[in-house]
Amino acid sequence: MQKLLIQGGCPLKGEITISGAKNAALPLLCASLLTMDTVELRNVPELMDITTMLSLLQQMGATTNLRNHATIELSARYISNPTAPYEMVKTMRAAILVLGPLVARIGEAHISLPGGCAIGLRPVDQHIKGLQAMGAEIVIEHGYIRAQASKLTGARILMDIVTVTGTENLMMAATLASGQTIIENAAREPEIIDLAHCLNQMGAKITGAGTDIISIEGVKALHGVSYEVMPDRIETGTFLTAATATAGEVYLRNARAETLDAVLSKLLEAGAIIDFDHNQIHLVMKKRPQSVNLRTAPYPAFPTDMQAQFMALNSIAEGTALITETIFENRFMHVQELKRLNADITVEGNTAVIRGIQQLDGANVMATDLRASASLVIAGLVARDETTIDRIYHLDRGYESIERKLSSVGAQIKRVT
Ligand code: EPU
């Protein structure tokens with residue numbers, strides 16, 4: 001099993017190039033199921049979740065071809081096995097994103113029901129409800145979602161809660177339905193806009209992506225495309241938070257500030273100085289951070305995927321902070337681990353109270369999920385002495401070459417087996 005060893009105390013200084021966004025690339029890969037033609041995706045990050053999704057698509061009959069680093073060509077001309085087996089869905093919940101495209105294109109899908117995971121229960125009832133509204137017949141048997149439809153029909157769908165992959169699944173399904181679909185209370189994440197841009201370039205007729213009402217006029221068929229995946233806003237936010245915590249100075253290339261308003265405003269509140277232009281962000285931090293309160297909520301509010309990283313930042317900040325998690329019911333697993341480094345955190349319900357201390361102390365800790373791992377990396381970078389992080393396969397699911405990128409800006413970090 002691989003571990004990360006981090007010798008804390010080095011301010012991050014230098015340039016990092018941000019990779020393509022995991023949570024944009026995953027639905028875009030699934031969108032290739034919607035067309036007989038070839039889809040080329042550029043700026044695809046090299047991550048475990050991407051590898052898992054490619055294996056799933058291959059297993060269904062699609063061909064995938066890695067053209068060069070970050071460019072993948074996919075062809076789903078023949079879909080022979082519209083099944084997402086338990087073994088794959090349990091390692092990557094985003095596999096649910098094949099449901100909408102499969103039902104829309106070939107009228108059939110068998111997808112293992114995703115169970116709960118480390119951060120919460122995470123049901124998929126909204127995905128199912130939306131497809132049923134479009135005329136799909138869905139039964140749950142033997143732990144599988146079995147969906148069938150001779151032809152999906154456009155519908156007005158009011159989502160009970162804001163769901164990112166739920167919105168993406170239904171938006172993809174609706175591109176090939178007959179007539180108009182309106183998704184109300186849709187998620188507004190930038191990754192949804194990215195998916196809509198790509199689908200529109202494939203011939204779909206989607207308007208309103210990025211607002212809470214998305215309208216999709218179904219078309220007969222979609223065609224191929226060459227599309228560049230947007231930069232990863234959570235990777236960007238993670239490096240900015242690490243630079244703030246270590247009192248460093250970083251230039252992030254291929255980074256889009258406009259997708260990170262809530263995070264940048266909290267980093268400014270913590271004392272960072274930030275400037276940016278259309279595709280880069282520069283951050284400098286000259287003092288100990290001030291503690292910042294925050295509450296996670298759907299975009300454009302503060303992202304749940306940055307909550308754990310801010311917990312690490314607040315643990316060495318001046319003052320006391322309150323962090324409230326409203327999206328997932330169990331996303332404080334990192335608290336126990338941060339406490340091993342001496343962080344002073346108490347949790348009551350969905351709120352954590354973090355009393356900032358001057359200095360964390362290195363310790364052996366364990367990664368429990370992707371963003372929890374990122375928070376432990378940040379804590380390790382600021383802690384005195386050495387921190388060892390175990391179970392880093394979680395990190396490899398969502399951060400491309402994290403130790404290489406951090407080493408290049410002065411962190412003392414290495415992977416050991
Ligand atoms: N929910 C339901 N029913 C549904 C769908 C969702 O009750 O049918 C609930 C969930 O249990 C959760 C809330 O709604 O409490 C929001 O979940 P959402 O569906 O928006 O999450 P997701 O689509 O499964 C995506 C990201 C997550 C990110 C969340 C929230 C992808 C592949 N995953 O998940 O990313 O945390 O949105 O922004 O886009 C990560 O990258 O580390 C990660 C977990």
Find the distance between OG1 (Thr181) and CD1 (Ile157) and round it off to the nearest 0.5 Å. 5.5 Å

Sequence neighbours excluded, every pair satisfying ring-ring contact (aromatic ring centres under 6.0 Å, His included) that has a member inside residues 3-28: none

Should Leu376 and Thr387 count as side-chain neighbours, where that means a heavy-atom distance under 4.5 Å? no

Heavy atoms of Phe310 and Val292 approach each other most closely as CD2-CG2, 3.7 Å

Hey, is the main chain of Val365 close enough, under 3.5 Å, to the side chain of Arg340 for a donor-acceptor pair? no

Ignoring hydrogens and angles, tell me if any N or O in the side chain of Glu403 forms a donor-acceptor pair with the backbone of Ile413 under 3.5 Å. no

Straight-line distance of Leu99 CG to Glu168 CD, nearest 0.5 Å: 13.0 Å

Residues in side chain to side chain contact (heavy atoms under 4.5 Å, CB included) contact with His282, at least two apart in sequence or another chain: Glu249, Tyr251, Asp275, Val284

When rounded to the nearest 0.5 angstrom, what is the spacing between CE in Met172 and CD1 in Ile216? 11.0 Å

Nearest heavy atoms of Ala312 and Leu338, plus distance in Å: N-CD1, 4.2 Å

side-chain contact (heavy atoms from CB on, under 4.5 Å), that's the test. Do Met202 and Tyr227 meet it? Break it down for me. CA-CA 10 Å; Met202 293 167 74; Tyr227 190 79; over 6 Å; no

Please report the C-alpha distance between Leu152 and Leu176 in whole Å, then the side-chain angles of each, then the deciding distance to 0.1 Å, and finally whether the side-chain contact (heavy atoms from CB on, under 4.5 Å) criterion is met. CA-CA 7 Å; Leu152 292 177; Leu176 295 180; over 6 Å; no

Apply the test side-chain contact (heavy atoms from CB on, under 4.5 Å) to residues Lys13 and Val409: give CA-CA distance (whole Å), side-chain angles for both, the deciding distance (0.1 Å), then the verdict. CA-CA 5 Å; Lys13 288 208 157 119; Val409 290; 5.7 Å; no

Distance-only, no hydrogens or angles: does the Arg233 side chain make a donor-acceptor pair with backbone N or O of Arg256 under 3.5 Å? no

Ignoring hydrogens and angles, tell me if any N or O in the side chain of Lys266 forms a donor-acceptor pair with the backbone of Asn293 under 3.5 Å. yes

Sequence neighbours left out, what passes side chain to side chain donor-acceptor pair (under 3.5 Å) with Asn342? Give chain and number order. Asp361

Closest non-hydrogen atom pair, Leu34 against Pro101: CD2-CA, 3.7 Å

Within a strict 4.5 Å, meaning less than it, do heavy atoms of the Val124 and Asn169 side chains meet? no

What heavy-atom pair brings Ser375 and Ala372 nearest, and what distance separates the two atoms? OG-O, 2.9 Å

Other residues, nucleotides and ligands only: do more than 12 of their heavy atoms fall within 6.0 Å of OH on Tyr144? yes

Check: Val353 and Leu322 side chains under 4.5 Å, non-hydrogen atoms: yes

Tell me if a side-chain donor or acceptor on Arg415 pairs with a main-chain N or O of Ile392 at a distance below 3.5 Å. no

Could you give all pairs that pass the side-chain hydrogen bond (donor to acceptor under 3.5 Å, both in side chains) test and reach residues 15-29, with sequence neighbours left out? Glu15-Arg253, Ser19-Glu400, Ser19-Lys405

Ala352: which residues meet the side chain to side chain contact (heavy atoms under 4.5 Å, CB included) condition with it, sequence neighbours left out? Met311, Phe332, Ile345, Val347, Ile354

Between atom CG of Leu240 and atom CG of Leu252, what is the distance when rounded to the nearest 0.5 Å? 4.5 Å

Where is the tightest heavy-atom contact between Met134 and Ala173, given as atom of each residue plus distance? CE-CB, 4.0 Å

Quick one, Tyr393 with Met1, criterion side-chain contact (heavy atoms from CB on, under 4.5 Å). Give me CA distance, side-chain angles, the key distance, then yes/no. CA-CA 9 Å; Tyr393 52 83; Met1 188 107 70; 3.9 Å; yes

Could you grab the distance from atom CZ of Arg404 to atom CD1 of Ile402, nearest 0.5 Å is fine? 11.5 Å

State which residues pass ring pair (Phe, Tyr, Trp, His ring centres under 6.0 Å) with Phe239; sequence neighbours excluded, sorted by chain then number. none

Measuring only between side-chain heavy atoms, which start at C-beta, is Phe328 closer than 4.5 Å to Arg122? yes

Thr163: which residues meet the side chain to side chain contact (heavy atoms under 4.5 Å, CB included) condition with it, sequence neighbours left out? Gln126, His127, Met159, Thr165

Any non-hydrogen side-chain atom of Met230 less than 4.5 Å from a side-chain atom of Thr259? yes

Do Arg156 and Glu184 have side-chain heavy atoms sitting under 4.5 Å apart? yes

With sequence neighbours left out, write down each residue that passes side chain to side chain donor-acceptor pair (under 3.5 Å) with Asp37, or none if nothing qualifies. none

Would you mind listing every side-chain hydrogen bond (donor to acceptor under 3.5 Å, both in side chains) that reaches into residues 50-61, with sequence neighbours excluded? Gln58-Thr64

Could you pull out all residues at least two apart from Asp125 that satisfy side chain to side chain contact (heavy atoms under 4.5 Å, CB included)? Pro123

Could you go through Thr368 and Arg391, starting from their C-alpha distance and side-chain angles, then the distance that decides it, and tell me whether this counts as side chain to side chain donor-acceptor pair (under 3.5 Å)? CA-CA 7 Å; Thr368 50; Arg391 301 206 179 164; over 6 Å; no

Quick check: does any side chain N or O of Thr91 sit under 3.5 Å from a backbone N or O of Met88, one acting as donor and the other as acceptor? yes

May I ask you to test the Ile96-Val89 pair for a side-chain heavy-atom distance under 4.5 Å? no

Nearest atoms (heavy-atom pairs only) where Ala383 meets Leu341: CB-CD2, 3.9 Å

Polar side-chain atom of Asp369 near backbone of Ala118 as donor-acceptor pair, under 3.5 Å: no

Keeping Glu337 on the side-chain end and Met366 on the backbone end, is there a donor-acceptor pair under 3.5 Å? yes

Taking NZ in Lys90 as the centre, count heavy atoms belonging to other residues, nucleotides or ligands within less than 6.0 Å. Is the count above 12? yes

Backbone of Ala187 reached by a side-chain donor or acceptor of Thr167 within 3.5 Å: yes

Inter-residue atom distance Ile119.CD1 - Arg331.CZ, 0.5 Å rounding: 4.0 Å

Does Ser32 use its side chain to pair, donor to acceptor, with the backbone of Val39 at less than 3.5 Å? no

Do Leu267 and Leu313 have side-chain heavy atoms sitting under 4.5 Å apart? yes

Mind checking side chain to side chain donor-acceptor pair (under 3.5 Å) for Glu87 and listing every partner two or more places apart, or none if nothing turns up? none

Met92 and side-chain contact (heavy atoms from CB on, under 4.5 Å): which partner among Leu26, Leu97, Ile50? Leu26

Sort and list the pairs that fulfil side-chain hydrogen bond (donor to acceptor under 3.5 Å, both in side chains) and have at least one residue in residues 308-326, not counting sequence neighbours. Thr238-Gln309, Thr296-Glu325, Thr304-Glu325, Gln307-Glu325, Gln309-Tyr399, Thr324-Thr351

